[in-house]
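Encoded as structure tokens, the structure appears first; notes follow it.
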There are 2 protein chains.
Amino acid sequence: MAEASTRGHIVEAADRIFYENGFDHTSFADIAAAVKISRGNFYHHFKTKDDILDAVIERRIAATRAMLDGWEIAGETPEARIASFIEILHANCEKIQKFGCPVGTLAAELAKLDHRALPSAVALFTLFREWLRRQFAQLGCGPSSDQYALRLLARSQGIATLANAFRDRAFIDAEVAEIHDWLGARVKEAKSRMAALGVRQRRPK
Amino acid sequence: MAEASTRGHIVEAADRIFYENGFDHTSFADIAAAVKISRGNFYHHFKTKDDILDAVIERRIAATRAMLDGWEIAGETPEARIASFIEILHANCEKIQKFGCPVGTLAAELAKLDHRALPSAVALFTLFREWLRRQFAQLGCGPSSDQYALRLLARSQGIATLANAFRDRAFIDAEVAEIHDWLGARVKEAKSRMAALGVRQRRPK
DNA sequence: GTCTATAGACGGATAGAC
DNA sequence: GTCTATCCGTCTATAGAC
């Protein structure tokens, strides 16, 4: 009971501090101080820093799954659901300007550290990629769906990186608007594509 | 002479190791080992780790200036010069997959460390931004030039981040091709824009 | 009395600065 | 070459629950 609570508090604090200050730069003492427990107590819950990282990534994966499921339910159309994804750039605007994207910056750091948990961090990207691919497929983008998913992910990452560097909110707004336009164009493209396929499928009959 | 040479070797090694392993994670011993000098000799050239970082950023700024000047001379048209920028994603393909973009990952790390050198690192981005803005302006993109410069920078950053995470060379190739298409569209847009302006300017006369 | 959560101290290792 | 700070990991001690 108390264990689950304390452990939860540790992971929650570690998640935030890893995001704000980086994984490698964060010490046990930093996390312990944030949770207000002793370092001795800390080792009762986690043997190594890598164990905490694993727990943090698991927590992020669960949170991401929940968020994507929420969008799946709330969004009436694939277009609306993809738009939900684009809007996280607005929703997390302040944090992105201060610390960048939590997914992208963690993966980049773990790649430099040559850390064994890198694949787990990349799995977070894969969650988004697969989800977006499904949405584009439902939109009717066919074999281009994965490419569009990756492109949207990449553009979001780039916007986060530059917004972080330049601390520029207006830039985020402008790019988000442009991506919404791009999504609209994909919808139109898919519609005409489906119409052409419909003609082709009807012809031979 | 020997001093300048040793100092240069230190900065060169630090530049590479900061890129490959990250700034915070790199120790004096790591750099000293790479240059094969004693730690005592090290302090003769640099007082603190931050001093090395400053020197590394200066070096990168000089290298970037030289590269941009080279493109300016070699490229016949603004379109060709912008294409040179896009092609660095191909040229540095292997390193990007392993370590990401040197500019973006350094700025992201310094932002998390809340490091005083962050503005210097962002100046690297500004070099590219200003150069690209000038090229788009010469292309005839008018007031959209800075927006296009930022968009191209952001897309490159996003591609580097995802290529680093997924270690996917084919993704880089596909996105580079798409960005070249986008550039072609901007050229056409600028031409029709200039034609319209030409008509307007001639009419009143 | 045992198990568990918590606290705090000790030692080795390493990094940065002089 | 040395000094100091810090961090990691382990060890022991205490308090309360069952």
Side-chain angles (χ1 to χ4, degrees), chain A residues 1-59 106 109-110 112-118 120, chain B residues 2-3 6-59 105-106 109-118 120-121:
Chain A
M1 180 79 91
E3 195 215 339
S5 173
T6 303
R7 197 194 138 96
H9 287 147
I10 291 174
V11 178
E12 189 183 346
D15 192 345
R16 182 179 53 81
I17 302 177
F18 285 172
Y19 174 41
E20 296 181 357
N21 299 344
F23 166 70
D24 194 57
H25 189 252
T26 301
S27 70
F28 275 36
D30 292 332
I31 306 172
V35 191
K36 284 168 187 159
I37 60 170
S38 67
R39 272 179 12 87
N41 189 7
F42 206 106
Y43 278 91
H44 182 72
H45 296 281
F46 293 97
K47 302 282 182 197
T48 72
K49 203 170 150 185
D50 288 357
D51 289 341
I52 311 174
L53 179 59
D54 289 338
V56 165
I57 293 176
E58 267 182 51
R59 179 187 146 92
L106 180 63
E109 182 178 3
L110 295 184
K112 281 198 199 292
L113 299 179
D114 206 17
H115 197 285
R116 61 154 189 79
L118 174 60
S120 312
Chain B
E3 196 215 341
T6 304
R7 198 194 138 94
H9 287 146
I10 292 174
V11 178
E12 189 184 346
D15 191 346
R16 183 180 54 80
I17 303 177
F18 285 172
Y19 174 41
E20 296 181 357
N21 300 344
F23 165 70
D24 195 56
H25 190 252
T26 301
S27 69
F28 278 90
D30 292 333
I31 305 172
V35 190
K36 286 169 187 160
I37 60 170
S38 68
R39 280 192 13 266
N41 192 0
F42 207 105
Y43 279 93
H44 182 256
H45 297 281
F46 294 98
K47 302 283 184 197
T48 72
K49 201 171 155 184
D50 289 356
D51 289 341
I52 309 176
L53 178 60
D54 288 337
V56 166
I57 293 176
E58 268 181 50
R59 180 188 145 92
T105 54
L106 179 64
E109 182 178 3
L110 295 185
K112 280 197 200 294
L113 298 180
D114 205 17
H115 197 286
R116 61 155 188 80
L118 173 61
S120 311

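Lettering follows sequence order; numbering is per chain, from 1.
Summarising the geometry, the separation between CZ on B/Phe42 and P on C/dA15 is reported as 13 Å, rounded to the nearest angstrom. Between the P atom of D/dC8 and the CG atom of A/Asn41 lies a distance of 16 Å, rounded to the nearest Å. Distance, A/Lys49 NZ to D/dT6 P: 16 Å, rounded to whole Å.
Applying the salt bridge (Lys or Arg N to Asp or Glu O under 4.0 Å) test to A/Asp51 and every residue at least two apart in sequence or in another chain returns nothing. In this structure A/Asp15 satisfies the side-chain hydrogen bond (donor to acceptor under 3.5 Å, both in side chains) test together with A/Arg59, A/Arg60, sequence neighbours excluded. In this view, B/Ser27 and B/Asp30 satisfy the side-chain hydrogen bond (donor to acceptor under 3.5 Å, both in side chains) rule, not counting sequence neighbours. Applying the side-chain hydrogen bond (donor to acceptor under 3.5 Å, both in side chains) rule to A/His25 yields no partners; only residues at least two apart in sequence or on another chain are considered. Residues meeting the side-chain hydrogen bond (donor to acceptor under 3.5 Å, both in side chains) test with B/Asp114, sequence neighbours left out: none. Residues satisfying the side chain to side chain contact (heavy atoms under 4.5 Å, CB included) test with B/Ala121, not counting sequence neighbours, are B/Ile57, B/Leu106, B/Leu110. Applying the side chain to side chain contact (heavy atoms under 4.5 Å, CB included) criterion to B/Tyr43, with sequence neighbours excluded, gives B/Phe28. Partners of B/Phe18 under the ring pair (Phe, Tyr, Trp, His ring centres under 6.0 Å) rule, at least two apart in sequence or in another chain, are B/Phe23.
Pairs passing the salt bridge (charged side-chain N to carboxylate O under 4.0 Å, His left out) check and including a residue from residues 16-28 of chain A, sequence neighbours excluded, read A/Arg16-A/Glu20.
A heavy-atom distance below 4.0 Å to DNA chain C is reached by none of the residues of residues 10-34 of chain A.
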Show your working on salt bridge (charged side-chain N to carboxylate O under 4.0 Å, His left out) between A/Arg116 and A/Asp54 and close with a plain yes or no.
CA-CA 10 Å; A/Arg116 61 154 189 79; A/Asp54 289 338; 2.9 Å; yes
Which atom pairs link the protein and nucleotides 3-5 of chain D when you take only N or O atoms and keep those under 3.5 Å?
none

B/S/- along nucleotides 12-18 of chain D (protein heavy atoms under 4.0 Å) is -------
